[in-house]
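For reference, the structure discussed in these notes is given below.
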Amino acid sequence: MSYSKIDLQNLRNFYQNQLLNDTVPFWFPRSIDTDFGGYLLMRDQDGSLIDDDKAVWIQGRAAWLLATLYNTVEPKQEWLEGSKTGIDFLNNHCFDTDGQMFFHVTRDGQPIRKRRYFFSETFAVIAMSAYAKASGDETAAEKARFLFGKCIEYSTNPDLLEPKFTATRPSKGIGTPMILINTAQQLRENIGDPRCDEWISKWIAEIETYFVKDDIKCVMEQVAPDGSIIDHIDGRTLNPGHAIEGAWFILHEAKYRNNDPHLIALGCKMLDYMWERGWDKEHGGILYFRDVYDKPVQEYWQDMKFWWPQNEVIIATLLAYTMTGNEKYATWHKMVHDYGYSKFHDTANGEWFGYLHKDGTIAQTAKGNLFKGPFHLPRQEWYCLQLLNEYLKK
């Protein structure tokens, strides 16, 4: 199938309406914590609070969202002020004495847990850069660039962080270069940083060299240091949604680089490989985990449908279609879009449920927890809205 101009205009209007009249109003203003700052995001389907703890990385994601809406959709004061409360909470409560960020804190900011990676920092970078652009706050800009430098240090010197595993079976994951590509893209687009282009090229090369396997048409989630497949359960486990998220980051970079043909080919190849492995041909939707050799997967949620892989594939397929004109991507986009909005969307209360069984029935009703909040869905709707606004002007 193909999308006509009217189809794309309707799609653009749909994403705008969902973002501004359904998704964002579910979260804001009620999630603003007027007592302690930051956001109260662990919510049930009707918006009622199920826990008042705070996941640090989602505090950063929410602050990024509000500042980005201010920067790109409408300069609403409530969005700017809402972003500031998240930035202030991060600065006041979410850094340990060693400079590393926490992962999980109480409502008033007392630390509960640190994790052995630096994703809280990556989301602080994008939040602070977006807020700096919105507010003109140079201190926030300096902090964003400083933290980006720390992320580079952590990624290039693994010994700076406590290892999760022994040295018996060394491996490396796609998550670090993938998240850092988008972190650098957001930093560059919001306030600029001369390091971004070079590092993005390095991280894309790392993904292409070590994780993309053309011989078996696959994108690995983790590999041995030399890029070989680790033939154990963890080493064989694929995460199609994660790989396709990386694919659209690379396609986004291709656009930035005047439609770089090599990057377009790479991003589309990654999408193609992992659509084939991840799309549930029986029930629809993107499966959570697969085994590279189609052996049984260890995690019990392996065949569930989580919200965020659908969001990432909605972006990737629409981006691939608008960049290449290949009707296959329009077909895929309609398939995953229709699945997502028919199965996950809560028409009564707004937003999406997070977790479905394989057959598309709701597994549980939470809209927010330590891992789900106002990020993947609103980012998808915002990105697709911006993409279609730009495309329809041509």
Side-chain angles (χ1 to χ4, degrees), residues 24 28 37-39 55-95 99-102 117-155 176-204 245 248-250 252-253 255-257 315 373-376 378-380 382-383 385-387:
V24 172
F28 303 108
Y39 317 105
V56 172
W57 61 346
I58 304 185
Q59 297 292 301
R61 289 168 166 182
W64 170 85
L65 172 65
L66 290 169
T68 298
L69 293 173
Y70 180 92
N71 289 331
T72 62
V73 177
E74 184 181 349
K76 288 187 178 182
Q77 191 65 21
E78 65 195 74
W79 286 341
L80 182 62
E81 292 173 359
S83 181
K84 185 179 188 301
T85 192
I87 299 298
D88 289 347
F89 188 84
L90 290 174
N91 282 322
N92 294 336
H93 301 291
C94 297
F95 287 87
Q100 190 182 347
M101 296 187 77
F102 296 111
Y117 53 59
F118 51 94
F119 293 153
S120 291
E121 283 84 346
T122 64
F123 293 109
V125 171
I126 67 170
M128 291 176 183
S129 68
Y131 176 72
K133 179 179 181 179
S135 64
D137 185 335
E138 188 54 37
T139 300
E142 290 174 4
K143 187 69 170 286
R145 294 188 182 106
F146 171 78
L147 286 174
F148 180 61
K150 295 299 293 184
C151 291
I152 292 172
E153 286 184 33
Y154 291 141
S155 69
T176 294
M178 187 196 82
I179 291 296
L180 285 172
I181 289 168
N182 188 246
T183 303
Q185 289 171 335
Q186 286 294 307
L187 178 65
R188 180 179 64 195
E189 291 172 22
N190 282 318
I191 57 174
D193 188 295
R195 298 169 291 182
C196 291
D197 287 0
E198 178 185 357
W199 278 101
I200 288 170
S201 294
K202 289 180 180 179
W203 291 319
I204 291 175
E245 184 178 12
W248 82 253
F249 293 165
I250 291 171
H252 183 86
E253 190 63 21
K255 280 186 69 176
Y256 174 80
R257 300 185 184 191
I315 293 175
F375 185 65
H376 290 281
R379 181 176 70 167
Q380 171 234 298
W382 165 80
Y383 190 93
L385 171 61
Q386 301 300 309
L387 175 63

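- Judged as a ring-ring contact (aromatic ring centres under 6.0 Å, His included), the pairs with a partner in residues 122-151 (not counting sequence neighbours) are, in order, F123-F375.
- Expressed to the nearest 0.5 Å, how far CH2 of W203 lies from CD1 of I250 amounts to 13.0 Å.
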Practice item. Kindly determine whether K76 and L69 satisfy side-chain contact (heavy atoms from CB on, under 4.5 Å), including the steps that lead there. Key: CA-CA 8 Å; K76 288 187 178 182; L69 293 173; over 6 Å; no
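- Contact of the I152 side chain with the K202 side chain is not registered, since no non-hydrogen atoms from C-beta on lie closer than 4.5 Å.
- Contact annotation: the side chain of N71 never approaches that of E189 to less than 4.5 Å [non-hydrogen atoms, C-beta and beyond].
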Exercise for review: Determine, stepwise, if the pair H376 / E245 fulfils side-chain contact (heavy atoms from CB on, under 4.5 Å).
Suggested key: CA-CA 10 Å; H376 290 281; E245 184 178 12; 4.2 Å; yes
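- For the residue pair A67 and S83, the shortest heavy atom distance occurs at CB-OG, 3.4 Å.
- Summarising the geometry of L66 relative to G82, their closest heavy-atom pair is CD1-C, 3.6 Å, with the distance given to 0.1 Å.
- Nearest heavy-atom pair, S129 versus A144, reported as atom, atom and distance to 0.1 Å: N-CB, 3.8 Å.
- Panel note: side chain E121, backbone M101; a donor-acceptor pair is recorded below 3.5 Å.
- Not one N or O on the side chain of N190 forms a donor-acceptor pair closer than 3.5 Å with the backbone of A132.
- In this structure, the side chain of S120 engages the main chain of F102 through a donor-acceptor pair within 3.5 Å.
- What you find for L65 and P374 is that their closest heavy atoms are CD2-O, 3.6 Å.
- Contact record, S155 with T176: CB-CG2, 4.0 Å, taken as the closest heavy-atom pair.
- You'll find the side chain of R195 reaches within 4.5 Å of the side chain of R145, heavy atoms only.
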Review point. Run the side-chain hydrogen bond (donor to acceptor under 3.5 Å, both in side chains) check on H93 and Q59 step by step: do they pass?
Key: CA-CA 11 Å; H93 301 291; Q59 297 292 301; over 6 Å; no
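- Put simply, SG on C196 and CG on L180 are 10.5 Å apart, with the number rounded to the nearest 0.5 Å.
- A heavy-atom distance below 4.5 Å is found between the side chains of F28 and Y39.
- Once rounded to the nearest 0.5 Å, the distance linking CZ of R379 with CH2 of W64 reads 6.5 Å.
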Practice item. Under the side-chain contact (heavy atoms from CB on, under 4.5 Å) rule, what do K150 and Y154 come out as? Steps first, then yes or no, please. Key: CA-CA 6 Å; K150 295 299 293 184; Y154 291 141; 3.9 Å; yes
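- We find the NZ-CG distance between K143 and L147 to be 5.5 Å, quoted to the nearest 0.5 Å.
- With sequence neighbours left out, F95 forms a ring-ring contact (aromatic ring centres under 6.0 Å, His included) with no residue at all.
- Using modelled atom types, one side-chain atom of S201 and one backbone atom of D197 make a donor-acceptor pair closer than 3.5 Å.
- A salt bridge is defined here as a Lys NZ or Arg NE, NH1 or NH2 lying under 4.0 Å from an Asp or Glu carboxylate O, and R188 with E198 fails to meet this definition.
- Side-chain atoms of R61 never come within 3.5 Å of backbone atoms of I126 as a donor-acceptor pair (strictly under, hydrogens ignored).
- Atom-to-atom distance recorded for W199:CH2 and Q185:CD is 15.5 Å, nearest 0.5 angstrom.
- Ring orientation note: the planes of Y117 and W57 are tilted relative to one another, at an angle of 30° to 60°.
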Point to revise | Full working for side-chain contact (heavy atoms from CB on, under 4.5 Å) between I87 and M128 | key: CA-CA 7 Å; I87 299 298; M128 291 176 183; 3.9 Å; yes
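- There is a side-chain donor-acceptor pair under 3.5 Å between W382 and T72.
- With rounding to the nearest 0.5 Å, the separation of CD1 in I181 from CD1 in I204 is 4.5 Å.
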Check your understanding: Stepwise, does the salt bridge (Lys or Arg N to Asp or Glu O under 4.0 Å) test hold for E81 with K84?
Key -> CA-CA 5 Å; E81 292 173 359; K84 185 179 188 301; over 6 Å; no
